[in-house]
Structures are given as structure tokens and as C-alpha cells.
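Values in this document were obtained by computation on a predicted structure and should not be read as measured data.
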Amino acid sequence: MRRKTTTAPAAPLVLLDGSRDHVVGLFRAVVGFLFACHGAATLFEVLGGPHGGRVPDIGQWPSWWAAVIQLAGGLLVALGLFTRTAAVVCSGSMAYAYFVVHQPKGLFPIENGGEPSALFCWAFLLIAALGPGRWSLDTLRAGRGEPREDTRGALTHWKA
């Protein structure tokens with residue numbers, strides 16, 4: 001009868017596993033902040049101004065609305081407040097931007113200029129799937145404790 005043997009993961013991988021909460025929180029905060037900067041640049045002509053060339057008129061579809069989603073959604077995600085809902089809205093807005101604005105110009109993001117839209121879309125989808133993590137206003141607001149993982153290692157529920 002063969003014995004099932006397992007080898008311990010390499011030290012750097014163990015270190016990363018122990019840092020999961022910090023990395024998820026940092027990833028969420030950085031992605032949200034960068035997204036909010038895009039919205040602020042478009043709405044207020046700061047940080048290099050809008051990438052589309054000019055500040056959109058209030059209510060102009062879709063640029064003004066996209067910038068509002070970027071600013072508000074990015075700040076909510078960065079702070080970890082209503083994170084999953086905000087991340088889904090942000091992801092959807094970037095999917096819309098990619099398929100409506102960029103994809104008609106070429107099949108691949110590298111040829112149609114849609115890399116930022118594609119990356120933000122997938123980053124926010126990941127944040128929506130992972131949740132805000134331990135270091136968020138959602139967790140603080142709910143007064144919840146340590147996250148609990150299911151059998152696959154995914155964060156699912158919070159201990160009371």
C-alpha cells in the first residue's frame with residue numbers, strides 16, 4: 001500500500017498565505033483609488049485631465065456617468081464600503097466601455113486601446129468575488145470578526 005505524502009509549501013508561499021488579508025485589502029484599496037483618480041480627472045480636469053479630451057457636460061451619456069461611477073465606485077471600493085455592490089457596478093461599467101468603445105476598433109485589447117478597461121473590469125470582478133477582506137469599512141461597520149473559509153479556501157461567511 002502506497003503512503004500518501006505531502007510536501008510542505010515553500011517558505012515564500014507560506015508567507016503569502018499568511019498575508020492574504022493584507023494583500024486583499026491592499027489590492028482593493030489600490031484598484032479603487034486608481035479608478036477614483038480616473039473619475040476625478042474626467043470630472044474636475046485634475047491629474048492630467050480627462051483621457052477623452054474634454055470634461056463632459058453634466059449628465060452627458062455615457063462619459064459623465066462613467067466618470068461618476070469611477071469616482072464614487074472607486075472611493076467606495078478603496079474604503080471597503082458596500083464593496084461587492086460597488087465592485088460589480090464598476091466591473092460592469094468597464095465591460096460596457098470595452099465592448100462599446102474599444103472592441104469595435106479591434107479584437108484584442110492591445111490593438112484597440114482597451115487594456116485599462118479590460119484590466120479594471122476583471123480586477124473589480126475579482127474584488128466582488130473575494131469581498132472586501134478583513135481590513136474594510138464593511139467589516140468594521142458590521143462589527144464582524146475573523147473571516148471563515150469554506151473547504152476550498154474561499155472566504156464565505158464571517159464569524160459572529
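Closest approach of Arg28 and Ala78 over heavy atoms only: NH1-O, 2.8 Å. In plain terms, the two heavy atoms of Phe35 and Ile69 that are nearest each other are CE2-O, 4.1 Å. When all heavy atoms of Ala40 and Val46 are compared, the pair lying nearest together is O-CG2, 3.5 Å. Shown here for Arg84 and Ala129, the closest heavy-atom pair between the two residues is NH2-O, 3.1 Å. Nearest heavy atom pair, residue Val77 against residue Gly32, reads CG1-CA, 4.1 Å. When all heavy atoms are compared, the tightest approach of Val55 to Leu43 is CG1-O, 3.7 Å.
When hydrophobic clusters are built by joining Ile, Leu, Val, Met, Phe, Trp and Tyr residues whose side-chain heavy atoms come closer than 4.5 Å, directly or via intermediates, Phe124 is not grouped with Val88. In the hydrophobic clustering of this structure, Trp65 groups with Leu71; members are Ile, Leu, Val, Met, Phe, Trp, Tyr whose side-chain heavy atoms approach within less than 4.5 Å, directly or through other members. Under the 4.5 Å side-chain heavy-atom criterion for ILVMFWY residues, a single connected hydrophobic cluster contains both Leu126 and Val24. In terms of hydrophobic clustering, with Ile, Leu, Val, Met, Phe, Trp and Tyr side chains grouped at heavy-atom distances under 4.5 Å, Phe99 and Leu107 are assigned to different clusters.
Under the 3.5 Å distance criterion, the side-chain polar atoms of Ser91 are left unmatched by any main-chain donor or acceptor of Ala87. In this structure, the side chain of Ser136 does not engage the main chain of Gly25 through any donor-acceptor pair within 3.5 Å.
By the 30° and 60° cut-offs, the orientation of the rings of Trp135 relative to His22 is parallel.
Here the side chains of Val23 and Leu26 are not in contact, with every heavy-atom distance at 4.5 Å or above. Inter-residue side-chain proximity for Phe120 and Cys90 is flagged as unmet; no heavy-atom pair is nearer than 4.5 Å. In this structure the side chain of Asp57 never reaches within 4.5 angstrom of the side chain of Trp64, judged on heavy atoms. Considering only heavy atoms from C-beta on, Cys121 stays 4.5 Å or farther from Tyr98 through its side chain. Proximity of Phe27 to Leu130: side-chain heavy atoms (C-beta onward) are nowhere separated by under 4.5 Å.
A distance of 11.5 Å separates CG of Leu34 from CG of Leu119, quoted to the nearest 0.5 Å. Separating the OH atom in Tyr96 from the NE2 atom in His102 is a distance of 12.0 Å, to the nearest 0.5 Å. The structure places OG1 of Thr83 at 6.5 Å from CG of Leu81, a figure rounded to the nearest 0.5 Å.
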Next item on the list: Start with the C-alpha distance between Gln70 and Met94, add both sets of side-chain angles, then the distance that settles side chain to side chain contact (heavy atoms under 4.5 Å, CB included), and finish with yes or no.
Entry: CA-CA 9 Å; Gln70 290 168 357; Met94 289 295 95; 3.8 Å; yes
